[in-house]
Trainee: 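Dropping a structure here in C-alpha cells format, bear with me for questions.
None of these values were measured; they are calculated from a predicted model. When a residue number appears, it is its place in the shown sequence, counting from 1.
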Amino acid sequence: VNRGRATDKPKGTKEKKAEQNLSERVASALEQIRKMQQEEIVVYLKPYYKHEIMEIGRRLNLRLAAGNNKDNIILQIAKHIGYRDVNRRIAERPSRLRG
C-alpha cells in the first residue's frame, strides 16, 4: 500500500537545485583541497556540513563511517591527501648513489 511517503514522490525543483548546489560545492572543495597541505585542509573543511564532507570523502574513494564525528572525518580526508603528497615527493626525489 502506497502511503505517500516522501521517498515515493519524484524530486521537485527545490530538491534538484539543492542537489546540484551540493555537487558544485563539493567539486569546488575537491579542486581546492588537492592543492593544500594537511593542516590547511583541516581549516578549509571546518565550515562545511558533515554530509558535504562525507560526499567529498566518497569522491576521493574513501570508506568513511557515518558514525564518526565531523572532525574525525575531516582528519581522515586530510591525512589521505597528505600521505598522497608525501608519497609523490618521495617518488620524485633524486636517487642517492653510494660511492
Trainee: To the nearest 0.5 Å, what is the distance between CD1 (Ile77) and CD (Gln38)?
Mentor: 12.0 Å
Trainee: Tell me whether the count of non-hydrogen atoms from other residues, nucleotides or ligands lying under 6.0 Å of CZ in Arg93 goes above 12.
Mentor: no
Trainee: Test of understanding: with side chain to side chain donor-acceptor pair (under 3.5 Å), list the residues that count as partners of Glu92, not counting sequence neighbours.
Mentor: Arg88
Trainee: Taking atom NZ of Lys35 and atom CG of Leu30, what is their separation to the nearest 0.5 Å?
Mentor: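 Reported value, rounded in 0.5 Å steps: 11.5 Å.
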Trainee: Would you please test Asp71 and Lys46 for side-chain contact (heavy atoms from CB on, under 4.5 Å) and show each step?
Mentor: CA-CA 8 Å; Asp71 292 334; Lys46 281 282 186 192; 2.7 Å; yes
Trainee: Which side-chain N or O atoms in residues 48-67 pair as donor and acceptor under 3.5 Å with protein atoms at least two apart or in another chain?
Mentor:
residue: Tyr48; atom: OH; partner: Tyr44; partner atom: OH; Å: 3.4
residue: Lys50; atom: NZ; partner: Ala66; partner atom: O; Å: 2.7
residue: Lys50; atom: NZ; partner: Asn68; partner atom: O; Å: 2.8
residue: Glu52; atom: OE1; partner: Arg25; partner atom: NE; Å: 3.3
residue: Glu52; atom: OE1; partner: Tyr49; partner atom: N; Å: 2.9
residue: Glu52; atom: OE2; partner: Arg25; partner atom: NE; Å: 2.9
residue: Glu55; atom: OE1; partner: Arg58; partner atom: NH1; Å: 3.1
residue: Glu55; atom: OE2; partner: Arg59; partner atom: NE; Å: 3.1
residue: Arg59; atom: NH2; partner: Ser23; partner atom: OG; Å: 3.3

Trainee: Would you indicate whether the side-chain heavy atoms of Ile74 and Lys70 approach each other to under 4.5 Å?
Mentor: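 Sidechains of Ile74 and Lys70: in contact.
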Trainee: Indicate if Leu45 and Tyr83 have the same hydrophobic cluster label, given that clusters are the connected sets of ILVMFWY residues with side-chain heavy-atom separations under 4.5 angstrom.
Mentor: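 Result: no, two separate clusters.
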